[in-house]
**Student:** 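Can you keep this structure in mind? I'll have questions shortly.
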Amino acid sequence: MLKLKTEEEVALMKENAILVSKTLALVGRMVAPGVTTRELNDAAEEYIRANGAEPSFLGYNGYPYALCISVNNIVVHGFPSGYRLKEGDIVSVDCGTKMKGFNGDSAYTFPVGNISEENKLLLEVTKQSLYKGIEAARSGNRIGDIGHAVQQYVEGYGYSVVRELVGHGIGRCMHESPEVPNYGVAGRGKKLLPGMVICIEPMVNAGKKEVYILDDGWSVTTRDMRNSAHFELTVHITEGAPEVLSTFEFIENKNVEL
């Protein structure tokens, strides 16, 4: 069931969104060759709890970690582990918090040291496709307008959009209605209404769109083993321009205090 948010509820969601954004920035400042993905997870969990929240991924449907950390060809839901990041890797970090009864959710794909031009382009196109989706997230438009904007931009570079995994509504629950695919037909799907809060999160493969789940039951990988990138922001639908609740500012401006 679609749950429209009041101004007071949106304000609480923004608190979560900012905490998630700062947590991702903290992780990003740690990303370097030789660092383990488990170290990133543990630092994020400590920071989230120190700021009065809980890591909402931990225990969600049995998920055993505070972060999803997905390296190279892992699309999403990768397990933190003893894997040491290597120069040239790309690492997607997806983070969620729960505080004051509401959830926050955001993701960013970080370069590890110097990465290839191919990987740089994949990251930039995926991030820009997110902004294209946000531009389409206006009251009176439809869910299909978001997916169409993302898909059209991504496929223009010869990349592909994952079909099995989608964005979502968010609020008191981590995943609420509506689903927000990263592909679709403009003018189709649920109408966007003021008070909706959704997570738009393109998952873009350098190669083909097909994916499969590893034996851990969570980690989603590209079938052709080519790399994948993932960016996510939380967006409040208003009467006018969409209000983006989470931000990449803390990540991209390393001078900002966390």
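What you see below is based on every heavy atom in this structure, not just the backbone, and it leaves out hydrogens, waters and symmetry mates. We're numbering straight along the sequence, starting at 1.
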**Student:** Is Leu192 linked to Ile200 within one hydrophobic cluster, defined over Ile, Leu, Val, Met, Phe, Trp and Tyr using a side-chain heavy-atom separation of less than 4.5 Å?
**Tutor:** yes
**Student:** Would you say Leu2 and Leu193 make side-chain contact, with heavy atoms under 4.5 Å?
**Tutor:** yes
**Student:** Please report the shortest heavy-atom distance between Gly34 and Arg84, naming the atom on each side.
**Tutor:** O-NH1, 2.7 Å
**Student:** Say whether, by atom type as modelled, one donor and one acceptor occur between the side chain of Glu164 and the main chain of Val211 under 3.5 angstrom.
**Tutor:** no
**Student:** May I ask you to check whether Asn205 and Ser228 show a side-chain donor-acceptor distance below 3.5 Å?
**Tutor:** yes
**Student:** Run the side-chain donor-acceptor check on residues 130-147: report pairs under 3.5 Å with partners two or more places apart or on a different chain.
**Tutor:**
{"unit_1": "Asn141", "atom_1": "ND2", "unit_2": "Ala136", "atom_2": "O", "d": "2.9"}
{"unit_1": "Arg142", "atom_1": "NH1", "unit_2": "Gly189", "atom_2": "O", "d": "2.9"}
{"unit_1": "Asp145", "atom_1": "OD1", "unit_2": "Gly187", "atom_2": "N", "d": "3.0"}
{"unit_1": "Asp145", "atom_1": "OD2", "unit_2": "Arg142", "atom_2": "N", "d": "2.7"}

**Student:** Side chains of Asn227 and Asn119: is there a donor and an acceptor less than 3.5 Å apart?
**Tutor:** yes
**Student:** Apply side chain to side chain contact (heavy atoms under 4.5 Å, CB included) to the pair Met203 and Asn182, showing each step before the final yes or no.
**Tutor:** CA-CA 8 Å; Met203 289 154 272; Asn182 297 301; 3.8 Å; yes
**Student:** For Ala107 and His230, which heavy atoms make the closest approach, and how far apart are they?
**Tutor:** CB-CE1, 3.5 Å
**Student:** Checking Glu9 now: which residues fulfil salt bridge (charged side-chain N to carboxylate O under 4.0 Å, His left out) with it, not counting sequence neighbours?
**Tutor:** none
**Student:** Could you pull out the closest heavy-atom pair between Ser106 and Asp94, with the gap in Å?
**Tutor:** O-OD1, 3.1 Å
**Student:** Flag yes if more than 12 heavy atoms outside Asn253 fall under 6.0 Å of its CG atom; otherwise flag no.
**Tutor:** yes
**Student:** Could you pull out all donor-acceptor pairs under 3.5 Å where a side-chain atom in residues 17-30 meets a protein atom, sequence neighbours excluded?
**Tutor:**
{"unit_1": "Ser21", "atom_1": "OG", "unit_2": "Ala17", "atom_2": "O", "d": "2.7"}
{"unit_1": "Ser21", "atom_1": "OG", "unit_2": "Thr247", "atom_2": "N", "d": "3.0"}
{"unit_1": "Ser21", "atom_1": "OG", "unit_2": "Thr247", "atom_2": "O", "d": "3.2"}
{"unit_1": "Thr23", "atom_1": "OG1", "unit_2": "Leu19", "atom_2": "O", "d": "2.8"}
{"unit_1": "Arg29", "atom_1": "NH1", "unit_2": "Val256", "atom_2": "O", "d": "3.2"}
{"unit_1": "Arg29", "atom_1": "NH2", "unit_2": "Phe250", "atom_2": "O", "d": "3.4"}
{"unit_1": "Arg29", "atom_1": "NH2", "unit_2": "Val256", "atom_2": "O", "d": "2.8"}

**Student:** Taking 4.0 angstrom as the limit, do Glu179 and Lys190 come out as a salt bridge?
**Tutor:** no
**Student:** Quick check on the hydrophobic clustering: are Leu233 and Tyr153 connected, directly or via other members, by side-chain heavy-atom contacts under 4.5 Å?
**Tutor:** yes
**Student:** Go through Asn73 and Thr222 one step at a time and tell me if the side-chain hydrogen bond (donor to acceptor under 3.5 Å, both in side chains) criterion holds.
**Tutor:** CA-CA 6 Å; Asn73 58 293; Thr222 57; 4.6 Å; no
**Student:** Check step by step if side-chain hydrogen bond (donor to acceptor under 3.5 Å, both in side chains) holds for Glu252 and Tyr108.
**Tutor:** CA-CA 11 Å; Glu252 295 172 355; Tyr108 195 93; 2.8 Å; yes
**Student:** Look at Arg49 together with Glu54 and state whether they make a salt bridge at an N to O cut-off of under 4.0 Å.
**Tutor:** no
**Student:** Just jot down the side chain to side chain donor-acceptor pair (under 3.5 Å) partners of Gln128, sequence neighbours excluded, or say none.
**Tutor:** Glu124
**Student:** Check for me, please, whether Val161 and Val180 land in the same ILVMFWY cluster - side-chain distances under 4.5 Å, paths through other members count.
**Tutor:** yes
**Student:** Can you list the residues that meet the salt bridge (charged side-chain N to carboxylate O under 4.0 Å, His left out) rule with Lys5, with sequence neighbours excluded?
**Tutor:** Glu176
**Student:** How about Arg188: does its CZ atom have over 12 heavy atoms from other parts shown lying under 6.0 Å from it?
**Tutor:** no
**Student:** Between Ile74 and Val220, is there a side-chain heavy-atom distance shorter than 4.5 Å?
**Tutor:** no
**Student:** Between the side chain of Asn51 and the main-chain N/O of Tyr47, is any donor-acceptor distance below 3.5 Å?
**Tutor:** yes
**Student:** List the atom pairs, with distances to 0.1 Å, where a side-chain N or O of residues 57-72 and a protein N or O form a donor-acceptor pair under 3.5 Å, not counting sequence neighbours.
**Tutor:**
{"unit_1": "Tyr60", "atom_1": "OH", "unit_2": "His175", "atom_2": "ND1", "d": "2.7"}
{"unit_1": "Tyr63", "atom_1": "OH", "unit_2": "Leu67", "atom_2": "O", "d": "2.9"}
{"unit_1": "Tyr63", "atom_1": "OH", "unit_2": "Gly78", "atom_2": "O", "d": "3.0"}
{"unit_1": "Ser70", "atom_1": "OG", "unit_2": "His77", "atom_2": "N", "d": "3.4"}
{"unit_1": "Ser70", "atom_1": "OG", "unit_2": "Gly78", "atom_2": "N", "d": "3.1"}
{"unit_1": "Asn72", "atom_1": "OD1", "unit_2": "Ile90", "atom_2": "N", "d": "3.0"}
{"unit_1": "Asn72", "atom_1": "ND2", "unit_2": "Asp89", "atom_2": "OD1", "d": "2.9"}

**Student:** Test your reading of the model: is there a side-chain donor-acceptor pair from Ser129 to the backbone of Val150, 3.5 Å cut-off?
**Tutor:** no
**Student:** Using a 3.5 Å distance criterion without hydrogens, assess whether the side chain of Lys98 forms a donor-acceptor pair with backbone atoms of Arg172.
**Tutor:** yes
**Student:** Grab the two heavy atoms, one from Glu243 and one from Val10, that are nearest each other, plus how far apart they are.
**Tutor:** OE1-CG1, 4.2 Å
**Student:** Should we say atom CD of Glu210 is surrounded by more than 12 heavy atoms from elsewhere, each under 6.0 Å from it?
**Tutor:** yes
